[in-house]
Amino acid sequence: MDLLALADFTLVARHGGFGRASRESGRPKATLSRRVADLESGLNLRLFERGARALKLTEEGRALFEKTSVLLAELNETTAAIASGGDEPRGRLRVSAPLLFSQAAMGKLAAQFAMKHRAIRLEVTTEDRPVDMVEEGYDLVIRVNPAPDESLVGRIFLRDRIVMVAHPGLPRPAGSAPVPVVLRGGAIGEQTDVWEFTEKGRKKRLTVQPVLSLASLFMVRDAVRANVGAARLPLSLVIPDLAAGTLVQWGDVSGPEVALWALYPSRRLLSARVSAFLNFLKEAFPEGSPDELAAYIR
């Protein structure tokens, strides 16, 4: 099989079209089109469905891309390492991380990783949506409590929990009067709600009235600091405020722990770049506790 044609097919599949692949790689569009056509002819398979404005992988094309993109990346990485005369990880590392973690810690993490591994070109995107790691070209994703996925493996590198906090000046709940609260996202209606939490081992129910809805947990924390209302927030985000007394904890919110996972495709061999990033996360958060994340953010 023509490896150049295979590499060009992978390039076009990754970028979703001949024009974009040509612009990104600097290779002529006509050359890419010819090589992909030659590959299809040699395999006697249609790898792309060609529409007037869109290019879409066929089922056979997707299967080929999922296999060859990984093998070609590993081949390039191996030859680069041999050419450089060492085993230092190098090449591009694409990471997808959730919004809150990115806002809190990813800038500092990325900078420290880049200084430690100067031969790796780290690219981080921020999004909370599920991503197709193979199709979108990610090497590793960080997700909070991800759903089980047989195609992915990984490890937990941070644990957190949700607590209910308020400004010291906000009266503690008494009786059935609703307590004002701040939400992350969602519409605010006229109806009250009931929040459950645990205080000193005792389960409690609290009638609440949402008064403010904000898009970011950092914004929610700032609103609680201003005594607008109580809120449910990750412990790591409010540890400094609890220590300083600018916020008080009313209790722990029931539910599963908050676990941050670093995930990569199970069918891939663990590349030196991904391994280096996983080891770096372990060095940054050896215990994986909320206190470590809070200290790192500070």
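Nothing here was measured: the structure is a model prediction, and the numbers come from that model.
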Next item on the list: Evaluate the criterion side chain to side chain contact (heavy atoms under 4.5 Å, CB included) for residue pair L206 and V179; output intermediate values, then yes/no.
Entry: CA-CA 8 Å; L206 182 67; V179 174; 3.8 Å; yes
Notebook entry, point to check: Are L99 and L237 connected in the hydrophobic side-chain network, where two residues link if heavy atoms are under 4.5 Å apart?
Noted result: no
Notebook entry, point to check: Checking side chain to side chain donor-acceptor pair (under 3.5 Å) for the pair T125/Y138: CA distance, chi angles, key distance, verdict?
Noted result: CA-CA 10 Å; T125 61; Y138 287 108; 2.7 Å; yes
Checklist line | H167 side chain to G169 backbone, donor-acceptor under 3.5 Å | finding: yes
Check: If you round to the nearest 0.5 Å, how far is CZ of R232 from CZ of F197?
Finding: 11.0 Å
Check: Salt bridge check: are D38 and R35 linked by an N-O gap of less than 4.0 Å?
Finding: no
Notebook entry, point to check: Between L170 and G229, what is the shortest heavy-atom contact and its length?
Noted result: CD2-C, 4.0 Å
Note to self: If I compare all heavy atoms of P210 with all of V208, which pair ends up nearest, and what's the gap?
What the structure shows: CD-O, 3.9 Å
Notebook entry, point to check: With a 4.5 Å heavy-atom cut-off, do D291 and L293 have their side chains touching?
Noted result: no
Checklist line | Exam field: side chain T10 to backbone L6, donor-acceptor pair closer than 3.5 Å | finding: yes
Checklist line | Pi-cation contact, W195 with R205 (under 6.0 Å, within 45°) | finding: no
Notebook entry, point to check: Looking only at heavy atoms, what is the nearest atom pair of F18 and S33, with distance?
Noted result: CE2-CA, 3.4 Å
Item checked: Minimal non-hydrogen separation, A230 against V224, with atom names -> C-CG2, 4.2 Å
Note to self: So L55 and V12, do their side chains get closer than 4.5 Å, heavy atoms only?
What the structure shows: yes
Note to self: How close do E60 and L45 get, counting heavy atoms only, and between which atoms?
What the structure shows: CG-CD2, 4.2 Å
Notebook entry, point to check: With sequence neighbours left out, what residues match E123 under side chain to side chain contact (heavy atoms under 4.5 Å, CB included)?
Noted result: R92, R94
Next item on the list: Determine whether P234 and R161 make a side-chain contact, defined as any pair of heavy atoms from C-beta on separated by less than 4.5 Å.
Entry: no
Next item on the list: Please examine the side chains of I120 and P89, heavy atoms only from C-beta on, and report whether any two atoms are closer than 4.5 Å.
Entry: yes
Item checked: Joint hydrophobic cluster, M115 plus M106, side-chain heavy atoms closer than 4.5 Å -> no
Margin query: Using 30° and 60° as the class boundaries, would you call the ring planes of F48 and F9 parallel, tilted or perpendicular?
Written below: tilted
Note to self: A side-chain contact here means heavy atoms from C-beta on lying under 4.5 Å apart; do I142 and P98 qualify?
What the structure shows: yes
Next item on the list: Using the ring of Y296 (Phe, Tyr or Trp, six-membered ring only), decide whether K108 places NZ or CZ under 6.0 Å from its centre and within 45 degrees of its axis.
Entry: yes
Check: Between T68 and L64, is there a donor-acceptor pair closer than 3.5 Å when you use the side chain of the first and the backbone of the second?
Finding: yes
Check: Roughly how far apart are W250 CH2 and E199 CD, rounded to 0.5 Å?
Finding: 10.0 Å
Check: Has R172 got more than 12 heavy atoms of other residues, nucleotides or ligands less than 6.0 Å from its CZ?
Finding: yes
Check: Taking the six-membered ring for Trp, is the centroid-to-centroid distance between F157 and F101 below 6.0 Å?
Finding: yes
Item checked: Straight-line distance of L158 CG to E287 CD, nearest 0.5 Å -> 11.5 Å
Checklist line | Side chain proximity check, L100 to F218, heavy atoms < 4.5 angstrom | finding: yes
Check: Stepwise, does the side chain to side chain contact (heavy atoms under 4.5 Å, CB included) test hold for Q103 with S216?
Finding: CA-CA 10 Å; Q103 291 176 330; S216 162; 3.7 Å; yes
Margin query: For T246, give me all partners under side chain to side chain donor-acceptor pair (under 3.5 Å), at least two apart in sequence or on another chain.
Written below: D241
Next item on the list: Spell out, as yes or no, whether a donor-acceptor pair under 3.5 Å connects the side chain of S22 to the backbone of R27.
Entry: yes
Checklist line | Interatomic spacing from CZ in R23 to NZ in K29 - rounded to 0.5 Å | finding: 8.0 Å
Margin query: Please evaluate residues V211 and V181 with respect to the criterion side chain to side chain contact (heavy atoms under 4.5 Å, CB included), reporting the C-alpha separation (whole Å), side-chain torsions for both, the decisive distance (0.1 Å), and the verdict.
Written below: CA-CA 6 Å; V211 295; V181 294; over 6 Å; no
Margin query: According to side chain to side chain donor-acceptor pair (under 3.5 Å), who are the partners of R221, at least two apart in sequence or on a separate chain?
Written below: none
Item checked: Partner set under side chain to side chain donor-acceptor pair (under 3.5 Å) for Q209, not counting sequence neighbours -> none
Margin query: Within the 4.5 Å heavy-atom criterion, are L247 and R225 side-chain neighbours or not?
Written below: yes
Next item on the list: State, yes or no, whether a side-chain contact exists between R298 and P240 at a heavy-atom distance under 4.5 Å.
Entry: yes
Next item on the list: Classify the angle between the aromatic ring planes of F280 and F113 as parallel (below 30°), tilted (30 to 60°) or perpendicular (above 60°).
Entry: perpendicular
Next item on the list: Answer yes or no: is there a donor N or O on one side and an acceptor on the other, between the side chain of T198 and the main chain of G201, under 3.5 Å?
Entry: no
Note to self: side chain to side chain contact (heavy atoms under 4.5 Å, CB included) for V220 and L233? Distances and angles first, verdict last.
What the structure shows: CA-CA 8 Å; V220 173; L233 288 166; 3.8 Å; yes
Notebook entry, point to check: With S102, which residues qualify under side chain to side chain donor-acceptor pair (under 3.5 Å), at least two apart?
Noted result: T126
Next item on the list: Would you give the length of the straight line joining atom CG of L235 to atom CG of D252, rounded to the nearest 0.5 angstrom?
Entry: 8.0 Å
Item checked: Pairwise distance CD(E283) to CG(L281) - rounded to 0.5 angstrom -> 9.5 Å
Item checked: Side chain S275, main chain S271, donor-acceptor under 3.5 Å -> no
Check: Is a side-chain donor or acceptor of S236 paired with a backbone partner of A294 at a separation under 3.5 angstrom?
Finding: no
Notebook entry, point to check: Does the pair K56/E49 count as a salt bridge with the N-to-O cut at 4.0 Å?
Noted result: no
Next item on the list: State yes or no: do W261 and L152 share one hydrophobic cluster built from I, L, V, M, F, W and Y residues joined by side-chain heavy-atom distances below 4.5 Å, directly or via other members?
Entry: yes
Note to self: Tell me every residue that passes side chain to side chain contact (heavy atoms under 4.5 Å, CB included) with V258, counting only those two or more places apart in sequence or in another chain.
What the structure shows: V144, D160, I162, L260
Margin query: Let me check something: do M219 and V228 share a hydrophobic cluster, defined by ILVMFWY side-chain heavy atoms less than 4.5 Å apart, either directly or through other members?
Written below: yes
Notebook entry, point to check: Which heavy-atom pair separates D128 from R184 by the least distance, and what is that distance?
Noted result: OD2-NH2, 3.9 Å
Check: So with a 6.0 Å cut-off around CZ of R202, is the heavy-atom count from everything else above 12?
Finding: no
Notebook entry, point to check: side-chain contact (heavy atoms from CB on, under 4.5 Å) with S96: which of M133, R129, R143, E136?
Noted result: R143
Item checked: Connected via hydrophobic side-chain network under 4.5 Å: I239 and M164 -> no
